[in-house]
Amino acid sequence: MRRPVVAALAALATLLTTASACRPEDPEPTGAEPTAEPTGPTETEEPTTPEPLDPTTVDLGNRVWTYEDAWTAPFEVPLEDGVAEGEWDLAGEGPMVYDEAQRVVVDMDGDDDLDVVAPLTYQEQLGGYPWTSWFVWLNDGTDLVQMPYAIAHQARCVATVEAVEPAGDGPGVRIDRLIMDLGAECAATPTVEADRTVVVEHDENGDPWPVQIDPGRFWGGLCVGIGSESSEGEHEQDVQDNGPFPLDEAVVAPGLGPVEPPASEETIDLLSSDSDAWYGDLDGWRFAGITFLRDGALSTSAADEHCAWAPQG
């Protein structure tokens, strides 16, 4: 009886050994890391907003300026290190100079970007009388762009600019100045206080214009005097030669709204006798002077003069 049992056990051991030899071996590792399961949706990075332009980083001493002073048509002045030498379309030869220390950093048009108001001075060599015009450089977000119209001017026979400062209670600058009185000789010293606040406003096309907002709303560029160095009689005749225009046709600048004289002031609306201003005619508009009446008579004070635009024709 033992032999059959032993034989059966031997056969079973052989069968198990054969099955073990035929079993496939475990595969060799490939070295690849297992793929991680996604943990959630991928977040998109928000675009960064560029920093606003700091106008103090723009070197106006190495830019091409446009010079004008109402009596002189604009011409280019290429500055290098704040100076440009040449013979300009003014009174003679002399350097143009930019003094960075006199620049004013201020928001001029209420868009919350800081702009610059800066002077350019013509150092006339013949006679030694410097002429200085202050210009607005608007911040467009990437650069400063100069407006062609000066908003203040200092020169012999014209005016003394005592200060150009931020208006303080809003956009714009306050210009403290003394101007020549009507009928005064050129050799006289400016004595008439004629402070003004000037801002920049954009028309429906986006074009910027200087606007005087105090006293009243008038043209914010330079105002060519109606009767400089003339007697009252000559003043009236000079004005009438150019013809009057209705005050309700006057605007502060082409494309902007009407002038607004200060409250309780009686005004007379007359074209400027100094029609040689370079912007005398502009796209269907004529440059005009407005002066106050005092006690029913044409004022003899230059402080009562302002400028505007009227339709041509």
Side-chain angles (χ1 to χ4, degrees), residues 55 60 65-75 77 79 88 90 96-109 114-124 129-138 144-168 170-181 189-201 208-226 228 252-253 272 274 277-279 287 289-290 302-309:
L60 297 182
W65 290 56
T66 298
Y67 180 90
E68 74 95 6
D69 57 19
W71 300 269
T72 306
F75 57 86
V77 179
L79 293 181
W88 315 104
L90 295 167
M96 288 282 191
V97 179
Y98 162 62
D99 183 359
E100 184 177 282
Q102 296 187 57
R103 74 181 177 188
V104 181
V105 179
V106 58
D107 181 7
M108 286 296 294
D109 55 359
L114 291 175
D115 310 300
V116 171
V117 176
L120 186 62
T121 298
Y122 169 53
Q123 298 282 5
E124 182 187 359
Y129 296 102
W131 299 3
T132 302
S133 287
W134 276 258
F135 298 94
V136 177
W137 288 77
L138 284 180
L144 295 181
V145 181
Q146 185 194 349
M147 294 179 62
Y149 303 103
I151 62 172
H153 181 68
Q154 174 173 290
R156 181 174 178 262
C157 307
V158 180
T160 298
V161 176
E162 298 186 312
V164 178
E165 300 173 330
V173 289
R174 184 70 177 175
I175 302 168
D176 297 338
R177 58 182 185 151
L178 298 173
I179 62 176
M180 298 288 289
D181 208 348
T189 301
T191 57
V192 179
E193 291 187 5
D195 300 343
R196 65 202 298 240
T197 300
V198 175
V199 300
V200 171
E201 295 184 4
W209 299 94
V211 177
Q212 173 183 310
I213 61 171
D214 183 57
R217 282 181 57 84
F218 296 100
W219 169 242
L222 300 184
C223 185
V224 179
I226 292 177
S228 300
V252 295
S272 170
D274 291 328
W278 71 265
Y279 39 72
F287 193 57
I290 297 175
D304 291 333
E305 288 188 338
H306 301 280
C307 286
W309 295 83

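Note that the structure is a prediction, hence the values are computed from the model and not measured.
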Pairwise distance [atom1]([X]) to [atom2]([Y]) - rounded to 0.5 angstrom:
{"X": "W209", "Y": "E201", "atom1": "CH2", "atom2": "CD", "answer": "12.5 Å"}
{"X": "L178", "Y": "T191", "atom1": "CG", "atom2": "OG1", "answer": "7.5 Å"}
{"X": "Y149", "Y": "D69", "atom1": "OH", "atom2": "CG", "answer": "14.0 Å"}
{"X": "L79", "Y": "L120", "atom1": "CG", "atom2": "CG", "answer": "6.0 Å"}
{"X": "E165", "Y": "I175", "atom1": "CD", "atom2": "CD1", "answer": "11.0 Å"}
{"X": "Q212", "Y": "H306", "atom1": "CD", "atom2": "NE2", "answer": "5.5 Å"}

Can you name the residues that form a salt bridge (charged side-chain N to carboxylate O under 4.0 Å, His left out) with [X], not counting sequence neighbours?
{"X": "R103", "value": "E100"}
{"X": "E68", "value": "none"}
{"X": "R196", "value": "none"}
{"X": "D214", "value": "R174"}

Is there side-chain contact between [X] and [Y], with heavy atoms separated by less than 4.5 Å?
{"X": "V211", "Y": "V198", "answer": "no"}
{"X": "V106", "Y": "P171", "answer": "no"}
{"X": "Q102", "Y": "W134", "answer": "yes"}
{"X": "Y122", "Y": "M96", "answer": "yes"}
{"X": "V192", "Y": "M180", "answer": "no"}
{"X": "V161", "Y": "D176", "answer": "no"}
{"X": "F218", "Y": "C307", "answer": "no"}

Can you name the closest pair of heavy atoms from [X] and [Y] and give their distance?
{"X": "I151", "Y": "L222", "result": "C-CD2, 3.9 Å"}
{"X": "S133", "Y": "Y67", "result": "OG-OH, 3.7 Å"}
{"X": "C223", "Y": "F287", "result": "CA-CZ, 4.4 Å"}
{"X": "D115", "Y": "M108", "result": "OD2-N, 2.8 Å"}

Just jot down the side chain to side chain contact (heavy atoms under 4.5 Å, CB included) partners of [X], sequence neighbours excluded, or say none.
{"X": "T66", "answer": "P74, Q146"}
{"X": "A167", "answer": "D169, T197"}
{"X": "V158", "answer": "W71, H153, A155"}
{"X": "P55", "answer": "V105, L114, V116, N139, L144"}

Subject >> D107: side chain to side chain donor-acceptor pair (under 3.5 Å) partners, not counting sequence neighbours >> reply: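 Counting only residues at least two positions away or on another chain, D107 forms no side chain to side chain donor-acceptor pair (under 3.5 Å).
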**OP:** With sequence neighbours excluded, tell me which residues meet side chain to side chain donor-acceptor pair (under 3.5 Å) with D195.
**Re:**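 In terms of side chain to side chain donor-acceptor pair (under 3.5 Å), with neighbours along the sequence ignored, D195 is linked to no residue.
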Original post:
In chain order, what residues pass the ring-ring contact (aromatic ring centres under 6.0 Å, His included) check against F135, with sequence neighbours excluded?
Top reply: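 Here no residue qualifies.
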Original post:
Sequence neighbours excluded, which residues qualify as ring-ring contact (aromatic ring centres under 6.0 Å, His included) partners of W65?
Top reply: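 Expected list: Y98, W137.
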